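Structure record follows, encoded as structure tokens.
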Amino acid sequence: MDQRLNSTYWLLRIAFGATAFLAGLDKFFNLLARWEDYVSPLVRSILPFSATTFMHIAGVIEIAAGIIVLFNLTRYGAYVVMAWLTCIALALLTNGRYFDVAVRDLVMAAGAYSFGRLAEIREEAIVRQPVGALRTA
């Protein structure tokens, strides 16, 4: 397998997996940000629970997405991360502020989609290797 493909794959796998996992974990500790501030008034008005509880649920989803990316379901995890980041960006747009974060999340979503496609290509390349060739995951 082309080492350029492999090194790019691993860089993105660690970056997207660790970022999702750590951002999700921080939803419980608020060390990076006060996450509740990012919940728009529109979303708050329809929630049957507090913004803190909402962020804890979001944190669990992000932790799960990070784990999926980091462990063997990478391609699917990349698409989950892409969808999740897109949803976050759309929710931020309803907030009336944090437009810079929404744009950043949309760019990261495009990167996660590209990573998912890269993971597919890499998986196909591994499957097509000759029987005697060394296979790396």
Side-chain angles (χ1 to χ4, degrees):
M1 175 177 314
D2 188 327
Q3 187 54 34
R4 295 172 298 176
L5 176 68
N6 214 27
S7 63
T8 303
Y9 167 84
W10 277 101
L11 174 67
L12 292 171
R13 184 174 179 177
I14 292 167
F16 278 110
T19 299
F21 182 84
L22 293 173
L25 190 62
D26 194 54
K27 298 298 188 288
F28 294 91
F29 300 105
N30 289 315
L31 298 174
L32 298 174
R34 277 186 40 122
W35 295 105
E36 292 81 8
D37 292 347
Y38 290 89
V39 180
S40 77
L42 175 66
V43 172
R44 285 177 193 260
S45 71
I46 60 173
L47 287 176
F49 40 75
S50 71
T52 300
T53 300
F54 178 73
M55 280 298 152
H56 289 165
I57 293 167
V60 170
I61 293 168
E62 289 173 336
I63 289 168
I67 290 170
I68 291 168
V69 168
L70 290 169
F71 298 100
N72 284 343
L73 295 173
T74 303
R75 172 178 41 147
Y76 304 108
Y79 294 131
V80 169
V81 170
M82 176 207 65
W84 186 248
L85 286 166
T86 301
C87 289
I88 291 169
L90 294 174
L92 288 173
L93 292 175
T94 67
N95 202 335
R97 51 187 187 160
Y98 303 117
F99 295 119
D100 58 328
V101 179
V103 169
R104 182 210 59 203
D105 284 353
L106 287 173
V107 170
M108 287 175 53
Y113 172 78
S114 300
F115 173 48
R117 296 290 293 159
L118 176 69
E120 286 180 41
I121 293 165
R122 184 176 178 276
E123 288 173 14
E124 291 170 8
I126 288 172
V127 169
R128 285 192 305 251
Q129 283 183 348
V131 174
L134 176 64
R135 293 184 182 208
T136 58

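Throughout, numbering of the chain's residues begins at 1 and tracks the sequence. Here the structure is a predicted model, which is why all the values come from computation and not from measurement.
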Do Arg97 and Tyr38 come within less than 4.5 Å of each other through their side chains, counting heavy atoms only?
no
Within the side chain of Arg75, is there an N or O that forms a donor-acceptor pair under 3.5 Å with the backbone of Gly116?
no
With a 4.5 Å heavy-atom cut-off, do Val81 and Phe115 have their side chains touching?
no
Can you tell me how far CG of Leu118 sits from CD of Glu120, rounded to the nearest 0.5 angstrom?
9.5 Å
Tell me the closest heavy-atom pair linking Arg13 and Asn72, and the distance in Å.
NH2-N, 3.1 Å
Can you tell if the side chain of Trp84 reaches within under 4.5 Å of the side chain of Asp105, non-hydrogen atoms only?
no
Distance-only, no hydrogens or angles: does the Thr8 side chain make a donor-acceptor pair with backbone N or O of Leu5 under 3.5 Å?
no
Report yes if some heavy atom in the side chain of Ile126 is under 4.5 Å from a heavy atom in the side chain of Arg122; otherwise report no.
yes
For Ala102 and Ala89, work out which heavy atoms get closest and say how close.
O-CB, 3.5 Å
Would Val60 end up clustered with Phe54 when hydrophobic side chains under 4.5 Å apart are linked, directly or stepwise?
no
Quick one, Leu92 and Phe99 - any side-chain contact, counting heavy atoms below 4.5 Å?
no
Value rounded to 0.5 Å, distance of CG in Leu42 from CG in Leu47:
9.5 Å
Would you compute the distance between atom CD1 of Ile68 and atom CZ of Phe16 and round it to the nearest 0.5 angstrom?
15.0 Å
Please check if Ile14 and Ile63 belong to a single hydrophobic cluster, counting links between Ile, Leu, Val, Met, Phe, Trp and Tyr side chain heavy atoms closer than 4.5 Å.
no
Same apolar cluster: Leu85 and Val103, side chain cutoff 4.5 Å:
no
Using modelled atom types only, decide if a donor and an acceptor are shared between the side chain of Asp26 and the backbone of Leu31 within a distance under 3.5 Å.
yes
Heavy-atom pair with the smallest gap, counting every atom of Thr94 and Ser40
OG1-OG, 3.0 Å
What I'd like to find out is whether the side chain of Thr86 reaches to under 4.5 Å of the side chain of Tyr113, using heavy atoms alone.
no
Report, as yes or no, whether the 6.0 Å neighbourhood of atom CZ on Phe71 holds more than 12 heavy atoms from other residues, nucleotides or ligands.
no
In short, Glu62 meets Ile88 closest at the heavy-atom pair OE2-CD1, 3.7 Å
Interatomic distance, Ser114 atom OG to Met108 atom CE [nearest 0.5 angstrom]
13.0 Å
Sub-3.5 Å donor-acceptor pair from the side chain of Arg44 to the main-chain atoms of Ala51, do we have one?
no
In this structure, would Leu93 and Val107 fall into the same cluster of hydrophobic residues linked by side-chain contacts under 4.5 Å?
no
Please tell me if the side chains of Met55 and Thr52 come closer than 4.5 Å, counting only heavy atoms from C-beta onward.
no
May I ask whether Ile57 and Val43 are part of the same hydrophobic cluster, defined by side-chain heavy atoms of I, L, V, M, F, W, Y residues being less than 4.5 angstrom apart, directly or through others?
yes
On a heavy-atom basis, the closest approach of Pro41 and Asn95 is CD-OD1, 3.7 Å
Close side-chain approach of Glu123 to Tyr9, heavy-atom, < 4.5 Å
no
